[in-house]
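Down below is the structure, laid out as structure tokens.
We count ligands from 1, going down the list as the structure has it; atoms in each ligand are counted the same way.
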Amino acid sequence: MIQRHQDIRDAVAQVCSQYPGEYWREKDREQHYPSEFVRALTEAGFLSCLIPEEYGGSGLGISEAAAVMEEIQAAGCNGGACHAQMYTMGTVLRHGSEDQKRMLLPGISSGELRLQAFGVTEPTSGTDTSRIRTTAVKEADTYRINGQKVWTSRIAHSDFMLLLARTAPRDAGEKPHHGMSVFLVDIREAQGNGLTIKPLRAMINHATTEVFFDDLIIPVSSLVGQEGNGFRYILDGMNAERILIAAECIGDGRWFVEKAVNYANERKVFDRPIGMNQGIQFPIARSYAELQAAALMVERASDIFDSGEDCGAEANMAKLLAADASWKAGDMCLQTHGGFGFAEEYDVERKFRETRLYQIAPISTNLILSYIAEHVLGLPRSF
Ligand SMILES: Cc1cc2nc3c(=O)[nH]c(=O)nc-3n(C[C@H](O)[C@H](O)[C@H](O)COP(=O)(O)OP(=O)(O)OC[C@H]3O[C@@H](n4cnc5c(N)ncnc54)[C@H](O)[C@@H]3O)c2cc1C
């Protein structure tokens with residue numbers, strides 16, 4: 001299959017080849033952060049590829065960024081450790097002040113600063129973001145933050161976080177999503193001064209945490225854009241996130257198919273390779289076809305995004321189709337491996353767990369379906 005951006009893909013594969021299965025298995029077992037891997041990607045400039053050249057990045061499009069993420073996953077690595085470093089800065093780039101951009105973006109480009117944590121999800125609000133309870137109350141030239149977030153990933157490996165908090169009650173605005181604001185919180189100053197981070201052990205190694213805000217005081221200069229418009233700013237960043245995560249799913253799926261093909265060719269049962277059986281071949285072939293189709297939707301969404309047009313429908317469909325294809329490919333790969341699929345040393349069970357995340361985060365499959373039903377097909381709003 002012809003793939004776009006082959007030079008970028010080759011360069012990413014070269015870095016990833018230094019981080020084989022044993023590396024990821026150990027990190028996964030101990031739930032340790034893959035700092036060496038993230039540093040290597042940063043130094044190679046891959047994580048700043050979306051930052052414009054005037055701020056020290058390489059100013060590439062989402063299409064190139066998607067190629068980076070896909071190759072990381074296809075090599076068996078886990079880009080979930082650092083994918084947000086690529087796209088979280090987009091909120092500041094689009095809506096931040098020039099001072100915020102100058103303070104942050106060159107540092108991200110050079111690898112001195114990390115902005116790879118965003119706090120949106122809360123324990124009680126779930127997918128209904130309008131019901132978040134974390135508040136930011138303005139007091140002269142500061143904001144006082146109180147509340148709690150959950151599943152805030154990579155915050156312990158980040159210098160700044162983007163925080164969504166209520167600056168006005170839910171019923172004060174015209175719509176439930178009004179009255180929320182985005183803040184750029186300096187974690188280095190906040191931790192221990194009102195910000196507490198508690199690691200959350202999970203099914204996958206994702207450096208995820210619970211975060212508590214108890215009278216955290218931050219300067220008014222932390223506000224990104226205008227007060228009250230925060231939800232729209234977060235929404236603006238979601239298409240990029242969906243496209244990049246869809247690309248990761250394509251990479252996972254490619255890894256599963258390749259692994260299954262190799263095993264089906266090697267493993268002999270009843271005196272012949274198991275791959276001679278159509279019962280083994282067909283699920284592999286089906287996964288391959290499904291991945292190719294999903295990859296086309298990722299390309300289409302990327303092209304529309306890079307042209308500056310609205311790609312909401314395509315980005316959502318790309319994420320849906322790619323996450324479904326990778327999850328099915330993971331199941332197929334496990335089945336092809338029989339009992340050995342459960343053995344740590346094959347990495348199949350690890351990748352199987354990791355790719356499962358994308359049915360739920362950053363947005364669950366049901367919510368994408370309801371987006372398509374309502375916004376693309378014109379069906380009534382269902383919630
Ligand atoms: C490993 C991990 C890392 C994460 N990292 C981050 C992060 O860095 N920052 C962050 O802010 N969040 C993060 N999240 C949170 C993630 O975005 C949410 O888990 C996800 O959006 C789903 O929200 P929820 O868990 O509250 O599910 P809920 O909203 O409680 O939903 C539960 C189930 O009900 C379904 N459901 C809910 N409402 C409807 C409806 N109206 N119609 C049909 N089905 C519905 C959902 O699809 C889901 O399957 C992370 C989550 C995980 C697991």
Side-chain angles (χ1 to χ4, degrees), residues 27-28 31 33-34 38 78-91 114-134 147-158 160-166 176-177 180-185 187 195 197-213 230-231 233-235 237-238 240-242 244-246 248-249 252 316 319-320 323-324 327 350-375 379-383:
K27 297 288 179 197
D28 184 66
Q31 296 227 334
Y33 188 70
V38 175
N78 185 5
C82 53
H83 53 199
Q85 176 81 342
M86 252 191 198
Y87 57 75
T88 311
M89 64 83 206
T91 304
R114 297 159 303 166
L115 168 64
Q116 53 171 354
F118 53 92
V120 174
T121 309
E122 297 189 2
T124 53
S125 58
T127 306
D128 184 358
T129 307
S130 75
R131 292 186 190 276
I132 62 166
R133 292 182 184 172
T134 300
Q148 183 185 350
K149 298 284 172 182
V150 70
W151 301 116
T152 310
S153 305
R154 300 163 297 269
I155 188 170
H157 307 277
S158 206
F160 288 88
M161 80 179 291
L162 274 190
L163 171 71
L164 186 71
R166 275 229 163 263
H177 287 101
M180 288 184 272
S181 304
V182 170
F183 298 91
L184 191 55
V185 177
I187 299 163
L195 172 76
I197 300 170
K198 289 196 179 157
L200 184 51
R201 276 193 79 87
M203 179 174 130
I204 54 170
N205 182 22
H206 205 78
T208 198
T209 67
E210 290 176 287
V211 176
F212 300 88
F213 302 94
F231 185 71
Y233 301 160
I234 294 285
L235 273 189
M238 283 180 176
E241 181 181 55
R242 280 170 205 176
L244 293 177
I245 285 181
E248 288 182 50
C249 291
D252 278 343
N316 275 288
K319 158 73 171 57
L320 174 80
D324 280 355
W327 173 231
R350 172 178 63 82
K351 292 286 276 184
F352 176 87
R353 285 183 279 117
E354 286 170 359
T355 215
R356 183 64 176 83
L357 174 65
Y358 300 122
Q359 294 286 324
I360 289 176
I363 180 166
S364 71
T365 304
N366 276 1
L367 269 290
I368 294 190
L369 290 170
S370 69
Y371 175 93
I372 297 169
E374 183 186 338
H375 297 285
L379 289 161
R381 186 173 172 79
S382 60
F383 55 89

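Relative to atom 3 (C) of ligand 1, the option among P123, S153, A202 with the closest non-hydrogen atom is S153.
Annotation: cation-pi geometry not satisfied between R350 and F352 (NZ/CZ under 6.0 angstrom from ring centroid, within 45° of ring axis).
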Exercise. For L244 and H83, run side chain to side chain contact (heavy atoms under 4.5 Å, CB included): C-alpha distance rounded to whole Å, both residues' side-chain angles, the deciding distance at 0.1 Å, then the answer.
Key: CA-CA 8 Å; L244 293 177; H83 53 199; 5.9 Å; no
**Request:** Go through the steps to decide whether I245 and Y87 satisfy the test side chain to side chain contact (heavy atoms under 4.5 Å, CB included), and finish with yes or no.
**Result:** CA-CA 11 Å; I245 285 181; Y87 57 75; 4.1 Å; yes
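Atom 35 (C) of ligand 1 has its closest protein heavy atom at N366 ND2, 4.2 Å. Regarding atom 19 (O) of ligand 1, its nearest protein heavy-atom neighbour is I360 CG2, 4.1 Å. Among protein heavy atoms, atom 36 (N) of ligand 1 sits closest to L367 CD2, 4.2 Å. From the protein, the heavy atom lying nearest to atom 10 (C) of ligand 1 is T121 OG1, 3.3 Å. Remark: minimum distance from atom 31 (O) of ligand 1 to any protein heavy atom is reached at T127 OG1, 4.0 Å. W151 CB, 3.4 Å is the protein heavy atom nearest to atom 14 (N) of ligand 1. Among protein heavy atoms, atom 9 (N) of ligand 1 sits closest to F118 O, 2.9 Å.
A distance-only check finds no donor-acceptor pair linking the side chain of R242 to the backbone of L320 [under 3.5 Å]. Between the side chain of K319 and the main chain of I368, no donor-acceptor pair closer than 3.5 Å is present. At least one donor-acceptor pair under 3.5 Å links the side chain of T209 to the backbone N or O of T152. Side chain of S158 to backbone of I155: no donor-acceptor contact under 3.5 angstrom is found.
Listed by number with element, the atoms of ligand 1 under 4.0 angstrom from any heavy atom of F383 are 41 (N). If you number the atoms of ligand 1 from 1 as listed, the ones under 4.0 Å from a heavy atom of S364 come out as 46 (C), 47 (O). For ligand 1, the atoms sitting less than 4.0 Å from at least one non-hydrogen atom of G126 are 26 (O), 29 (O), numbered in the order shown with element in parentheses. The atoms of ligand 1 that sit less than 4.0 Å from any heavy atom of L357 are 1 (C), 2 (C), 52 (C), 53 (C). Atoms of ligand 1 lying under 4.0 Å from any heavy atom of V120, numbered from 1 in the order shown and given with element: 11 (O).
Considering all non-hydrogen atoms of both residues, Q148 and P123 come closest at NE2-CG, 3.6 Å. Across every non-hydrogen atom of Y358 and E248, the tightest pair is OH-OE1, 3.4 Å.
For atom 33 (C) of ligand 1, no protein heavy-atom neighbour is present inside the 4.0 Å cut-off. In this structure, atom 12 (N) of ligand 1 has protein heavy atoms in its sub-4.0 angstrom surroundings.
Residues meeting the salt bridge (Lys or Arg N to Asp or Glu O under 4.0 Å) test with E241, sequence neighbours left out: none.
Residue P362 places a heavy atom less than 4.0 Å from ligand 1.
Considering backbone and side-chain atoms together, T208 places no N or O closer than 3.5 Å to any N or O of ligand 1.
If you check the side chains of Q359 and T365, you find a donor sitting under 3.5 Å from an acceptor.
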